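Heads up: the structure comes next, in structure tokens.
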Amino acid sequence: MVLNHLLPSVQAIAVLSPEERLMKLRSDYWIGYGHAEQALIRLEDLLSCPKRVRMPNMLIIGPTNNGKTMIVEKFRRQHLPYESEDRSHEIVPVLMVQMPSDPTIKRFYSAIIAALGSPIAIYPSIIKHEMIALKLLRATQTRMLIIDEIHNILAGSAHKQREFLNILRFLGNELQLPIVGVGIKDAYLAIRSDDQLENRFEPLVLPLWDNDHEFMRLLASFQSVLPLRNPSDLLDNNIRALILTRSEGTIGEIASLLTKATCAAIRSGKEYIDQEILEQTDYRSPTERRRLYENLLY
Ligand SMILES: Nc1ncnc2c1ncn2[C@@H]1O[C@H](COP(=O)(O)OP(=O)(O)OP(=O)(O)O)[C@@H](O)[C@H]1O
Ligand SMILES: [Mg+2]
């Protein structure tokens with residue numbers, strides 16, 4: 001079997017039985033692409049930034065389902081917690097939390113406390129939460145705080161939003177660590193309302209995919225990791241346009257369409273993706289799904 005079109009690690013998977021490959025396709029796989037690599041480099045730079053009074057921060061913004069969480073999760077996995085040299089405690093270089101959808105300062109601090117592994121994360125007062133969170137962040141020598149879904153700040157009143165922005169500024173100053181906010185474009189609106197924070201949070205935008213050179217590189221990467229025994233021609237003009245229209249341009253939908261097409265190509269024995277498979281694959285675009293549910297509901 002000639003499998004030159006696949007990465008060496010994927011060649012070993014391509015020889016497995018159809019059932020085994022279908023199972024493997026269910027788990028997440030990482031595909032590198034320009035914006036993601038840039039984001040990872042900037043995160044690395046931030047993490048190695050020496051402590052100073054004004055720490056730089058970063059904001060990763062993009063449409064939903066466009067790979068934001070995958071990037072920060074990949075980064076976090078490159079900096080997993082480890083035991084201190086004297087084995088007395090754990091060191092957590094990069095801490096990732098989610099901004100609660102019903103954002104209160106207490107809940108936010110509880111998220112930090114819980115993420116740092118404390119069995120008790122709920123205390124009676126905000127002050128106590130703050131104290132414990134700061135103590136744990138110091139004890140675990142956290143050097144970067146990533147806050148996913150940071151746009152949830154906007155769910156609170158204008159007063160609450162200001163309070164949150166103050167807390168972010170306070171945490172950055174107090175612990176001298178970079179803060180990375182991740183969210184949809186509303187996140188930018190939230191941060192922008194505070195001048196001091198705005199010029200400390202440098203945005204990195206993950207735009208929707210377009211039919212350009214970057215997109216071709218992305219499809220080439222997909223082609224080299226999807227465990228099919230024959231090469232597909234995803235870079236063909238018609239196929240590219242079809243993938244972009246059906247997926248509506250987010251990497252999440254592109255991945256979902258291509259994964260389903262791969263399953264279909266394995267099941268049919270064809271072992272490569274062509275226009276026919278893409279058109280027949282049991283995949284609905286976000287708009288089609290919305291329409292379907294609306295029809296079911298009304
Ligand atoms: N680098 C990547 N390699 C492979 N698949 C990816 C990659 N990035 C994203 N995906 C696919 O896209 C899906 C959505 O990605 P992710 O959860 O990171 O989106 P998001 O931008 O955080 O969305 P939301 O704003 O809704 O939280 C993932 O579950 C995965 O299937
Ligand atoms: Mg996400």
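Quick caveat: nothing in here was measured; it's all calculated off a predicted structure. In listed order, ligands and their atoms are each counted from 1.
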Atom 14 (C) of ligand 1: closest protein heavy atom, distance to 0.1 Å, is Asn65 OD1, 3.0 Å
For Trp30, the ligand 1 atoms with a heavy-atom partner under 4.0 Å come out as 1 (N), 2 (C), 3 (N)
Excluding water, the protein N, O or S atoms sitting under 2.8 Å from the Mg ion (ligand 2) are Thr69 OG1
A student comparing Lys74, Met70, His35 should find that the heavy atom closest to atom 10 (N) of ligand 1 comes from Met70
Note: ligand 1 atoms sitting under 4.0 Å from heavy atoms of Gly252 are 11 (C), 12 (O), 13 (C)
Filtering His151, Gln98, Lys68 for the heavy atom nearest atom 21 (O) of ligand 1 leaves Lys68
inquiry  = Would Asn66 count as a polar contact of ligand 1, with the cut-off being nitrogen or oxygen pairs under 3.5 Å?
reply    = yes
Of all protein heavy atoms, the one nearest atom 5 (N) of ligand 1 is Tyr29 O, 3.6 Å
>> I'd like to check whether Asp28 has a polar contact with ligand 1, where a contact means an N/O of the residue lying under 3.5 Å from an N/O of the ligand.
In response: no
Heavy-atom proximity to atom 3 (N) of ligand 1 ranks first, among Asp148, Leu218, Ile31, for Ile31
Short version for Glu149: what comes under 4.0 Å of ligand 1, heavy atoms counted, is side chain
Sub-3.5 Å donor-acceptor pair from the side chain of Gln223 to the main-chain atoms of Leu234, do we have one?
yes
Inset, instruction - Indicate yes or no: at least one non-hydrogen side-chain atom of Leu278 is less than 4.5 angstrom from one of Arg246. - result: no
Practice problem: Check the angle between the aromatic planes of Trp209 and Tyr33 and answer parallel, tilted or perpendicular using the 30° and 60° thresholds. | Solution: perpendicular
Among non-hydrogen protein atoms, atom 17 (O) of ligand 1 lies closest to Thr69 CB, 4.0 Å
